[in-house]
Protein chains: 2
Amino acid sequence: MYSIGQAAELTGFSIDTIRYYEKIGLTKPPERSPGGLRSYSEDDLKLLSSLHCLKRTGLALEEMKAFLQEGRCFANPAFPLSGEDREAIESRTRILGEHLIRMEAQYRALADVIGQTKEKLDFYQDLLNKEAAAK
Amino acid sequence: MYSIGQAAELTGFSIDTIRYYEKIGLTKPPERSPGGLRSYSEDDLKLLSSLHCLKRTGLALEEMKAFLQEGRCFANPAFPLSGEDREAIESRTRILGEHLIRMEAQYRALADVIGQTKEKLDFYQDLLNKEAAAK
DNA sequence: GTAGAGGCTGGAGTTGACTCCAGGTCAACA
DNA sequence: TGTTGACCTGGAGTCAACTCCAGCCTCTAC
């Protein structure tokens with residue numbers, strides 16, 4: 001088990017951010033030590049890390065919340081699904097699909113900008129090389 | 001020439017956002033009609049569109065400002081460069097290089113998350129297919 | 001020439017996502 | 001046992017990036 005400080009260190013969030021996510025209900029409260037200190041399991045850290053990853057792609061907290069929204073895991077569901085389960089699955093599919101489209105657009109945009117940036121860098125580098133040669 | 005409303009329509013920003021970018025000095029003021037209305041050229045729209053693209057890659061406005069930082073252009077400089085010019089070029093090289101590293105990291109992270117998201121989507125889609133088949 | 005849509009300015013308000021603080025508690029070590 | 005450093009809570013503060021507003025102006029169409 002890990003303290004909140006270790007969790008912060010390992011997941012890339014700040015301590016305050018981790019507590020904030022708990023406060024707004026994005027993550028569920030972790031266990032506590034007898035003295036009341038938060039105590040995070042490996043699974044908790046895994047979840048936080050994947051949040052960190054999602055966050056870097058621009059998913060808003062509310063969307064993450066919707067995505068994580070409760071739940072049961074559908075590793076081995078019984079068919080036919082209950083109406084509730086089907087709804088949950090459909091909702092996740094929708095959120096993920098929408099985000100995927102945005103991420104793919106972002107991916108293309110990023111590739112573009114990276115290309116442009118490299119060109120500019122090459123150009124400036126070239127100037128500096130010529131300058132060095134001219135000396 | 002285009003009105004601010006048309007510019008907004010064509011670039012994906014809101015009217016307020018376009019005026020905001022002008023206010024903070026991210027974009028330079030466009031021409032005005034004799035009556036004082038903003039009037040955007042094709043080039044202005046191109047710039048705005050590329051800002052929209054940059055924004056989608058998660059660059060902060062301050063970073064975009066640095067990225068767009070115009071100033072004198074070094075298309076055909078005389079060698080040896082003046083000390084000032086060399087400094088300007090070195091500074092741009094540094095800024096761009098740092099951006100590039102961050103963007104490339106982001107690019108890899110994004111590819112990763114896109115992959116994971118697709119897997120999850122496939123998984124859920126599969127569940128829904130099985131459900132349909134079970135009926 | 002007037003109605004109505006769209007645009008202008010300066011400034012205030014909002015939203016999302018933290019970040020910091022005061023005043024206390026907990027835990028490990030000397 | 002005392003000190004030190006990490007952690008606790010509730011709540012206030014901050015920051016970027018918009019977004020909205022009031023009161024006035026411009027433009028186009030009838």
Side-chain angles (χ1 to χ4, degrees), chain A residues 1-41 44-45 47-69 95 98-99 102 106 109, chain B residues 1-41 44-45 47-68 99 102 106:
Chain A
M1 305 295 282
Y2 303 84
S3 73
I4 194 169
Q6 292 172 315
E9 183 101 358
L10 292 168
T11 62
F13 286 119
S14 75
I15 291 179
D16 268 325
T17 299
I18 293 176
R19 279 196 289 245
Y20 172 67
Y21 285 177
E22 185 187 328
K23 183 149 71 178
I24 64 171
L26 178 59
T27 55
K28 64 179 203 311
E31 289 191 25
R32 298 287 182 129
S33 74
L37 303 191
R38 288 173 179 80
S39 176
Y40 294 88
S41 69
D44 291 336
L45 294 199
L47 180 66
L48 280 171
S49 296
S50 76
L51 283 188
H52 196 246
C53 186
L54 279 169
K55 203 182 99 56
R56 285 207 345 226
T57 71
L59 194 60
L61 298 193
E62 276 309 309
E63 294 175 301
M64 285 190 216
K65 208 162 164 178
F67 176 64
L68 295 178
Q69 206 54 288
I95 292 172
E98 281 164 12
H99 188 51
R102 281 201 305 276
Q106 198 187 340
Chain B
M1 304 296 281
Y2 303 84
S3 72
I4 195 169
Q6 291 171 316
E9 183 100 0
L10 291 169
T11 62
F13 286 120
S14 75
I15 291 178
D16 269 324
T17 299
I18 292 175
R19 279 196 289 245
Y20 172 68
Y21 285 176
E22 185 187 329
K23 185 151 68 178
I24 64 171
L26 179 58
T27 56
K28 63 179 205 307
E31 289 190 27
R32 297 286 182 132
S33 75
L37 302 193
R38 287 174 180 80
S39 177
Y40 293 88
S41 69
D44 291 336
L45 294 198
L47 180 65
L48 279 172
S49 295
S50 78
L51 282 188
H52 199 243
C53 171
L54 279 169
K55 203 180 98 58
R56 282 196 348 224
T57 71
L59 287 194
L61 299 193
E62 277 308 311
E63 293 176 306
M64 284 189 219
K65 216 162 163 177
F67 183 82
L68 295 178
H99 273 161
R102 279 205 303 278
Q106 198 189 340

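By convention in this document, chain letters (A, B, ...) are assigned in the order of the sequence lines, proteins followed by strands, and residues within each chain are numbered from 1. Values below: every heavy atom of this structure, side chains too, minus hydrogens, waters and symmetry copies.
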B:Glu9 CD: over 12 foreign heavy atoms closer than 6.0 Å: no

Please state how far atom CD in A:Glu9 lies from atom C1' in D:dG5, giving the value in whole angstrom units. 15 Å

Beyond-backbone contact of B:Tyr40 with B:Thr11, side-chain heavy atoms, under 4.5 angstrom: no

In whole angstroms, how far is the P atom of C:dT15 from the CD atom of A:Glu62? 13 Å

What nucleic acid atoms does A:Arg19 come within less than 4.0 Å of, heavy atoms only: base, sugar-phosphate, or nothing? base

With respect to the side chain of B:Ala60, which nucleotide from D:dA17, C:dG7, C:dA17 is positioned closest? D:dA17

From CD of B:Glu22 across to C1' of C:dG10 the rounded distance in Å is 14 Å

For atom CD1 of A:Ile24 and atom P of D:dG11, their distance in whole Å: 17 Å

For the pair made of CD1 in A:Ile18 and P in D:dT9, what is the distance, rounded to whole Å? 13 Å

Which is true for B:Lys23 with a 4.0 Å heavy-atom rule: it touches a base, it touches only sugar-phosphate, or it touches nothing? base

With rounding to the nearest 0.5 Å, note down the distance linking CD1 in A:Ile4 to CZ in A:Arg19. 4.5 Å

Can you find a side chain N or O atom of A:Lys55 that sits less than 4.0 Å from OP1 or OP2 on C:dC18? yes

Which part of the nucleic acid, if any, lies within reach of A:Phe13 when heavy atoms closer than 4.0 Å are counted: base, sugar-phosphate only, or nothing? nothing

Quick check on DNA chain C: between B:Ile4 and A:Gly35, whose nearest nucleotide comes earlier from the 5' end? B:Ile4

Nearest-neighbour nucleotide for the B:Ser33 side chain, D:dC27, C:dC18, C:dG7 considered: D:dC27

Taking the nucleotide of DNA chain D with the closest heavy atom to each, which residue, B:Leu61 or A:Asp16, is nearer the 5' end? A:Asp16

Give the rounded distance in Å between these two atoms: OH of A:Tyr20 and P of C:dT15. 13 Å

For C:dC18, does OP1 or OP2 lie under 4.0 Å from any side-chain N or O of A:Ser14? no

Winner on side-chain proximity to B:Arg32, out of D:dC18, D:dC8, C:dC8, is C:dC8

In this structure, CD of A:Gln6 is separated from CZ of A:Arg38 (nearest 0.5 Å) by 14.5 Å

Phosphate OP1/OP2 of D:dA17 contacted by B:Thr17 side-chain N/O (<4.0 Å): no

Contact class for A:Ile15 vs. all strands (heavy atom < 4.0 Å): base, sugar-phosphate, or nothing? sugar-phosphate

Using only atom types and a distance under 3.5 Å, with no angle test, would you say the side chain of B:Lys65 pairs donor to acceptor with the backbone of B:Ile24? yes

Expressed in angstrom and rounded to an integer, what is the separation of B:Arg38 atom CZ from C:dT9 atom C1'? 9 Å

Find the distance B:Glu63:CD to D:dC15:C1' and express it as a whole number of Å. 15 Å

Presence of B:Tyr21 side-chain N/O under 4.0 Å of D:dA17 phosphate oxygens OP1/OP2: no

Answer yes or no: are there more than 12 heavy-atom neighbours, outside A:Glu31 itself, under 6.0 Å from its atom CD? no

